[in-house]
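First up is the structure itself, then whatever we jot down about it.
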Amino acid sequence: MSTPIAITDAEFAAEVLNASSPVLVYFWDEWCGPCRLVSPSIDQIAAEYGDRLKVVKMQVDPNPETVKAYAVEGVPGLRLFQHGEVTASTEGAKTKQQLVDLVESNL
């Protein structure tokens with residue numbers, strides 16, 4: 001069973017851009033109410049898709065470089081990467097089914 005890995009700007013290239021499998025990056029922050037609603041679903045996605053998908057989470061305020069580079073304008077934000085490129089992107093609170101649909105349509 002996989003759980004999301006917390007990463008920083010310094011770890012982004014190694015954990016996401018150079019990953020051999022698809023990576024779902026969950027942008028969040030402690031002050032974000034909708035993030036608290038989405039976080040359990042992100043944990044479930046990590047557990048259910050851990051064999052095919054790496055899930056990482058990045059707190060936005062301490063990691064401005066990555067947030068700026070990938071134009072994260074709202075949290076919660078999601079970017080799905082494959083081979084170092086963004087293949088799907090969304091922002092705002094999503095239901096678990098919407099998250100599953102995002103993952104399924106891009107794996």
Side-chain angles (χ1 to χ4, degrees):
M1 185 164 128
S2 296
T3 59
I5 303 163
I7 64 168
T8 64
D9 280 341
E11 299 163 314
F12 189 81
E15 293 290 338
V16 178
L17 301 180
N18 298 329
S20 58
S21 64
V23 182
L24 181 65
V25 182
Y26 168 52
F27 293 94
W28 71 285
D29 219 310
E30 293 175 356
W31 47 260
C32 169
C35 296
R36 287 191 283 278
L37 297 173
V38 172
S39 287
S41 295
I42 296 294
D43 293 344
Q44 291 171 354
I45 294 289
E48 292 171 20
Y49 290 89
D51 59 332
R52 298 186 289 157
L53 177 72
K54 180 178 186 179
V55 179
V56 300
K57 59 184 182 177
M58 176 174 273
Q59 193 172 355
V60 294
D61 284 349
N63 298 291
E65 293 172 23
T66 304
V67 168
K68 182 178 178 185
Y70 293 96
V72 178
E73 296 180 358
V75 287
L78 296 167
R79 302 292 185 272
L80 185 63
F81 287 80
Q82 294 189 46
H83 309 291
E85 299 292 326
V86 176
T87 57
S89 173
T90 187
E91 292 178 3
K94 304 290 181 223
T95 65
K96 182 178 180 209
Q97 187 58 54
Q98 288 172 313
L99 296 172
V100 167
D101 292 346
L102 174 79
V103 169
E104 286 287 338
S105 65
N106 287 283
L107 285 184

[X] and [Y]: same hydrophobic cluster, using ILVMFWY side-chain contacts below 4.5 Å?
X    : Y   : value
V103 : W28 : yes
V60  : V16 : yes
V55  : L78 : yes
I5   : L24 : no
L107 : L99 : yes

Using a strict 4.0 Å threshold on nitrogen-to-oxygen distance, state whether R79 and E91 make a salt bridge.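 A salt bridge is present here (some side-chain N lies under 4.0 Å from a carboxylate O).
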Can you tell me how far [atom2] of [Y] sits from [atom1] of [X], rounded to the nearest 0.5 angstrom?
X    : Y   : atom1 : atom2 : result
F27  : C32 : CZ    : SG    : 13.5 Å
L37  : I42 : CG    : CD1   : 12.0 Å
T66  : M58 : OG1   : CE    : 4.0 Å
D43  : E48 : CG    : CD    : 11.0 Å
E104 : Q97 : CD    : CD    : 9.0 Å
D29  : D61 : CG    : CG    : 4.0 Å

For [X] against [Y], the heavy-atom pair lying closest together:
X   : Y   : answer
S2  : A46 : CB-O, 3.4 Å
V38 : P76 : CG2-CG, 3.8 Å
P62 : D9  : O-OD2, 4.5 Å
L17 : Y70 : CD2-OH, 3.5 Å

Is it true that a side-chain atom of [X] and a backbone atom of [Y] form a donor plus acceptor pair closer than 3.5 Å?
X   : Y    : answer
E11 : T8   : yes
K57 : S39  : no
Q82 : N106 : yes
Y26 : C35  : yes
R36 : W31  : no

Step through the shown structure and confirm whether more than 12 heavy atoms of other residues, nucleotides or ligands are within 6.0 Å of CD on E65. no
Q59 and N63 side chains, donor-acceptor separation under 3.5 Å: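 There is no such pair between these side chains.
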Would you call the rings of F12 and F81 parallel, tilted or perpendicular, taking 30° and 60° as the class edges? perpendicular
